[in-house]
Amino acid sequence: MGRRLLVIASLFLLAVVLFGCGDDDAEIDAGATTTAPTTTDPTTTAPTTTAPTTAGTDDGELPGEPWDGFPSEGAELAVVGVESDDVLNVRSGPGVEFDIVAELEPLAERVIATGDNRMLDSGVWVQVTADGVTGWANYAFLTHLGSTDDITAQLFPDPADRPGAGTMEQLAEVVVGALVSEGPPLTLTVADGPEVGDLAEITVDARGLRDDSAGGYRLVIFAVPDPAAGGFVLRTVESTVHCTRGVTDEGRCI
């Protein structure tokens, strides 16, 4: 009887050990399994995988489907819609799960499209070359820049009607409201500044136009500090159109 109890106790102890090992393995596997970020914004959020992920050389190994739309091969693009303290990540493949191979500043230009584009659930990703590095970036944060025009007189023909505001960010909102008076409000991103000296300056991207060829504007706004009024008074506005499909030789949107 004592021998039987000893055998039963031994089997029970073995079962406990086996179940304990199975739980440990499950926890390790769960920790090693990484869920890709759900955000479509490819800025600053690094992939959370524990091992590097690289793009395949065959299109069949890349996520998504080929996209024959814009931008075309050789198109010169610029970064838009990225905050002044952030960057646009260029990755080794189309999607936030791939490694970051380069970072583009909010005002970066001369970003050259290779013509290889992919459609993912998160939007269109395009292969680009910048500063000698080739990788992939979310097309939502890239555009063709058109020509730059001084639109101050167009918005406020009488200099006496030029608006003021407490901050440069607030002044930018007033300017955009005058520029786009109909339709849904545009999304404003401060790409540079504000800088305050004898003149104050801020660069904003205003995006969200419902237009087939133009997606928004890059506005460089200059203002005169007005200490007595506790704010700034508009001096000039320079506007560059975000062209979705490309630009003509004259700098107009296609």
For residues 224-234, dump all side-chain donor-acceptor pairs below 3.5 Å to protein atoms at least two apart in sequence or in another chain.
from	atom 1	to	atom 2	distance (Å)
D226	OD1	A228	N	3.4
D226	OD1	A229	N	3.4

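- Applying the disulfide (SG to SG under 2.5 Å) test to pairs two or more places apart or on separate chains, none has a residue in residues 163-240.
- Interatomic distance, L107 CG to D192 CG, rounded to the nearest 0.5 Å: 5.0 Å.
- Going from atom CZ of F98 over to atom CG of N89 covers 14.0 Å, rounded to the nearest 0.5 Å.
- Residue V174 belongs to no hydrophobic cluster, having no ILVMFWY side-chain heavy atom closer than 4.5 Å to its own.
- Scanning for salt bridge (Lys or Arg N to Asp or Glu O under 4.0 Å) contacts around D149 gives R252, with sequence neighbours left out.
- Counting heavy atoms from C-beta outward, P71 and N117 have side chains that approach closer than 4.5 Å.
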Determine whether E76 and V247 satisfy the following criterion, side chain to side chain contact (heavy atoms under 4.5 Å, CB included), listing intermediate values before the conclusion. CA-CA 10 Å; E76 185 173 316; V247 294; over 6 Å; no

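- Not a single side-chain hydrogen bond (donor to acceptor under 3.5 Å, both in side chains) links T187 to another residue, sequence neighbours left out.
- In this structure, the side chains of I151 and E238 stay at 4.5 Å or more apart for every pair of heavy atoms.
- Of all the heavy atoms in P106 and A191, the pair that sits closest is CB-O, 3.6 Å.
- Considering only heavy atoms from C-beta on, L62 comes within 4.5 Å of W136 through its side chain.
- For the residue pair W67 and V124, the shortest heavy atom distance occurs at CD1-CG1, 3.7 Å.
- Hydrophobic clustering of Ile, Leu, Val, Met, Phe, Trp and Tyr side chains at less than 4.5 Å, counting indirect connections, unites I202 with V180.
- Within the structure, disulfide (SG to SG under 2.5 Å) contacts touching residues 100-162 (residues at least two apart or in different chains) do not occur.
- Considering only residues two or more places apart in sequence or on other chains, T129 meets the side-chain hydrogen bond (donor to acceptor under 3.5 Å, both in side chains) condition with T134.
- Here the closest heavy-atom approach between residue V176 and residue A206 is recorded as CG2-CB, 4.1 Å.
- Closest non-hydrogen pair, R118 versus G64, comes out as NH2-O, 2.8 Å.
- The shortest non-hydrogen separation linking G193 to S84 is O-OG, 4.2 Å.
- Between E97 and P63 there is a side-chain heavy-atom pair separated by less than 4.5 Å.
- Here side-chain hydrogen bond (donor to acceptor under 3.5 Å, both in side chains) pairs that include residues 206-224, with residues two or more places apart or in two chains, are D205-R218, D211-S213.
- Transitive grouping of hydrophobic side chains (ILVMFWY, heavy atoms separated by less than 4.5 Å) brings L188 and V237 into a common cluster.
- When hydrophobic clusters are built by joining Ile, Leu, Val, Met, Phe, Trp and Tyr residues whose side-chain heavy atoms come closer than 4.5 Å, directly or via intermediates, V101 is grouped together with V82.
- Residue pairs meeting the disulfide (SG to SG under 2.5 Å) criterion with at least one member in residues 83-127: none, sequence neighbours excluded.
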- Check against side chain to side chain contact (heavy atoms under 4.5 Å, CB included), R91 and V96: CA-CA 8 Å; R91 298 181 179 272; V96 295; 4.3 Å; yes

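- Checked against V128 for a side-chain contact (heavy atoms from CB on, under 4.5 Å), the options I112, D116, L88, L77 give a single hit: L77.
- Hydrophobic clustering, with ILVMFWY side chains joined whenever heavy atoms are under 4.5 angstrom apart, keeps L209 apart from F70.
- Residue pairs meeting the disulfide (SG to SG under 2.5 Å) criterion with at least one member in residues 158-250, sequence neighbours excluded, are C243-C253.
- At least one side-chain heavy atom of T236 sits less than 4.5 Å from a side-chain heavy atom of D150.
- Between W125 and P94 the shortest heavy-atom distance is CB-CB, 3.7 Å.
- Counting non-hydrogen atoms of other residues, nucleotides and ligands closer than 6.0 Å to CZ of R235 gives a total of 12 or fewer.
- Counting heavy atoms from C-beta on, the side chains of L142 and V126 come closer than 4.5 Å.
- A distance of 12.0 Å separates CG of D131 from CD of E103, quoted to the nearest 0.5 Å.
- No chain of hydrophobic side-chain contacts below 4.5 Å, direct or via other Ile, Leu, Val, Met, Phe, Trp or Tyr residues, connects V204 to F141.
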Checklist entry - Given the rule in the side chain to side chain contact (heavy atoms under 4.5 Å, CB included) test, do L171 and I221 qualify, once you have shown the distances and angles that lead to the verdict? => result CA-CA 9 Å; L171 184 59; I221 300 170; 4.2 Å; yes

Can you list the steps and then say if V90 with L104 is a side chain to side chain contact (heavy atoms under 4.5 Å, CB included)? CA-CA 7 Å; V90 179; L104 301 179; 3.8 Å; yes

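- Side-chain contact check for T114 versus E73: every heavy-atom pair is 4.5 Å or farther apart.
- Within 6.0 Å of atom CG in D158, more than 12 heavy atoms from other residues, nucleotides or ligands are found, so the atom counts as buried in its surroundings.
- For E83, the side-chain contact (heavy atoms from CB on, under 4.5 Å) partners at least two apart in sequence or on another chain are D85, D86, T189, V190.
- Between atom OH of residue Y139 and atom CG of residue L120 there is a gap of 16.0 Å, rounded to the nearest 0.5 Å.
- The number of heavy-atom neighbours closer than 6.0 Å to CD of E65, taken from other residues, nucleotides and ligands shown, is 12 or below.
- E201 is listed as a side-chain neighbour of V220, based on a closest heavy-atom distance under 4.5 Å.
- Residues meeting the side-chain hydrogen bond (donor to acceptor under 3.5 Å, both in side chains) test with H144, sequence neighbours left out: none.
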